[in-house]
Amino acid sequence: MLNILFTASECTPFIKTGGLADVIGSLPAALKNEQHCNINVILPFYEDIKLNQSETDLVASFNVPVGWRNQEASLHKLSHNNITYYFIKNSYYFGRKGTYGYFDDGERFVFFSRAVIESLPFLSFTPDIIHSHDWQTGLVPAFLKILQPITGVKCVFTIHNIQYQGIMPANMFNELLNIGSEHMFGMEWDGLLNCMKAGIYHADLLTTVSPSYAKEIQYSYYGEGLDPLLRKRQENLYGVVNGIDTSEFNPKTDTSLYKNYYHSSDDKKENKKALQKEANLPVSSETPVIGIISRLVEQKGLSLVTCMLHEILQEDVQLIILGTGDNSIEDTLLEAAHTHKEQIVFYNFFNEALARRIYAGSDFFLMPSRFEPCGLGQLIALRYETAPIVRETGGLRDTVVPFNEYTKEGNGFSFTNYNAHDMFHAIQYALNTYHTPELWDNILNNIYASSISWHQSAKKYLSMYEEL
Ligand code: ADP
């Protein structure tokens, strides 16, 4: 039986800022469903984690070397839905509000990665595979190869978003890492210490979250400077598209919804009316509602929307936006919502239940990303029988098939270039299709048939683990 340890910085239901948490929260169970294996997840014990320490068992207390200091850490264990979760506690690094955004984030995750290595003797199993995710745990494969705390273990490193790399000044190598200077080479990029590079350089196998993104990041437009290294490792780089937990995201049973539904546009409409009422918009089942649920960062393409706002609002359409992020995007959306109260509502906070009501109550889900490693928003939208409108990039390209009114194929709408007018034309085409009942029925049937579960992708991960 395979023993697998996931290392990551967020995971539902304990702590979430974005799609990474959904993936770490759902892939282990999907792997277990496919094959009998022992899956464990190790996470930081943030102050904001949705868990009382009393619910966990204390496994061990130990020291973690961080440069000239020793930091104390404790390891806590919890069994939840047949998966074992380990949490590393240290109040200096993780006894703070929220997750990321601190000046010393780099140091915090150097500590966490080293603490994962120091905790290995205390786990109730010896891992065959350690699967690390994103820059926060990029140093785990590096420490494993360099310090060799256990033999025979293989490392998989998954890139969920190459834009965030965990970059620090080069002198942090000596300040924090406690390894010989000959190892700087495998984690230095452009004269800086780079945790993402460390993972890419040291892991036995690399994956990213869609086949298109696996190709894209080998080019400079998408590679964020690391494309030469990824081209070197292309033989070991695979793209596996994310899925979603279809029992967690299920319009048939979701208790956040006004009315549960399944393959019924009439019942779905009840959710639309309730959402319009909740949002203080005119209640009209004829008027298409476009939902956006997103981190408000440049990557997500909100500037295309704000560029074309005037044109979009000439259409009979309502926009409901939920998101937090960069101040400049938030300010623009706040102003737009204030000026166009009849057509735009902007919720500037994070709220899981409202997100679900928006997925359910919208007719369309807009995701015009400049780049998108996989994207879960469009998958959740499909699950809630809402048509995605996306830019053809990364995982959006791999999961949304543009509707073709002649062949009747397609489960959404898309545009190719990162161009505001191209996006607007895709929106116009989508709205026209919405008002043509035969075509809209085709789209709905294709949405119902879309494959969005983890089934195929979990199988791919397992065959990679077996091969390793
Ligand atoms: P990313 O991981 O880049 O943020 P994804 O599309 O992969 O983008 O995943 C985003 C996840 O976070 C989705 O589950 C989405 O519903 C959720 N989400 C984003 N912003 C909010 C918000 N303000 N409130 C609730 N959920 C949100």
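All ligand and atom numbering here is 1-based and tracks the order in the structure.
Inclusion of M367 in the set of residues having an N or O under 3.5 Å from an N or O of ligand 1 is not warranted. At under 3.5 Å, a nitrogen or oxygen of F349, whether backbone or side chain, sits near a nitrogen or oxygen of ligand 1. Polar contact with ligand 1: absent for A355 (N/O pair, distance under 3.5 Å). Where the criterion is an N or O separation shorter than 3.5 Å, residue side chain and backbone included, N161 fails it with respect to ligand 1. Where the criterion is an N or O separation shorter than 3.5 Å, residue side chain and backbone included, T324 fails it with respect to ligand 1.
The shortest contact between atom 24 (N) of ligand 1 and any protein heavy atom is with N351 N, 3.0 Å. The protein non-hydrogen atom at the shortest distance from atom 15 (C) of ligand 1 is Y359 OH, 3.4 Å. Summary of contacts: the protein heavy atom closest to atom 10 (C) of ligand 1 is G19 N, 3.6 Å. For atom 5 (P) of ligand 1, the closest non-hydrogen atom of the protein is L376 N, 3.5 Å.
A donor-acceptor contact under 3.5 angstrom links the side chains of E392 and S414, judged on distance only. E372 and T393 form no side-chain donor-acceptor contact under 3.5 Å, judged by distance and modelled atom types alone. Between the side chains of E34 and H455, at least one donor N or O lies within less than 3.5 Å of an accepting N or O. With no hydrogens or angles considered, no side-chain donor-acceptor pair links S264 and D266 at under 3.5 Å. Checking Q35 against K459 by side-chain atom types alone, no donor-acceptor pair falls below 3.5 Å.
Set against the non-hydrogen atoms of D22, the atoms of ligand 1 under 4.0 Å away are 11 (C), 13 (C), 14 (O). Listed by number with element, the atoms of ligand 1 under 4.0 angstrom from any heavy atom of I380 are 14 (O). Of all atoms in ligand 1, numbered sequentially from 1 with element shown, those under 4.0 Å from a heavy atom of G377 are 6 (O). Under a 4.0 Å criterion applied to the non-hydrogen atoms of G18, ligand 1 contributes the atoms 2 (O), 4 (O), 11 (C), 12 (O). Set against the non-hydrogen atoms of G375, the atoms of ligand 1 under 4.0 Å away are 6 (O), 7 (O). Proximity to G323 (heavy-atom distance under 4.0 Å) selects the following atoms of ligand 1: 23 (N).
Two residues are said to be in side-chain contact when any heavy atoms from C-beta on lie closer than 4.5 Å; F14 and L78 meet this criterion.
Within the 4.0 Å heavy-atom criterion, the part of S294 lying near ligand 1 is the backbone and not the side chain.
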Quiz item: Should Y85 and S79 be marked as a side-chain hydrogen bond (donor to acceptor under 3.5 Å, both in side chains) after you check the CA-CA gap, both sets of side-chain angles, and the distance that decides it?
Solution: CA-CA 6 Å; Y85 293 88; S79 183; over 6 Å; no
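Comparing Q163, R295, E352, K300 by heavy-atom distance to atom 8 (O) of ligand 1, the nearest is K300. When the heavy atoms of F365, F350, F371 are ranked by distance to atom 22 (C) of ligand 1, first place goes to F350.
A salt bridge links R357 with E278: at least one charged nitrogen is closer than 4.0 Å to a carboxylate oxygen. We find that D254 and R383 are not joined by a salt bridge, their nearest charged nitrogen and carboxylate oxygen being 4.0 Å or further apart.
For Y213 and Y222, the gap between ring centers reaches or exceeds 6.0 Å.
Residue-ligand proximity: Y347 is placed with every non-hydrogen atom at 4.0 Å or more from ligand 1. For K16, the closest heavy-atom approach to ligand 1 falls below 4.0 Å.
No more than 12 heavy-atom neighbours from other residues, nucleotides or ligands sit within 6.0 angstrom of NZ on K215.
For the pair R356 and Y384, the NZ or CZ position fails the cation-pi test of under 6.0 Å to the six-membered ring centre and within 45 degrees of the ring normal.
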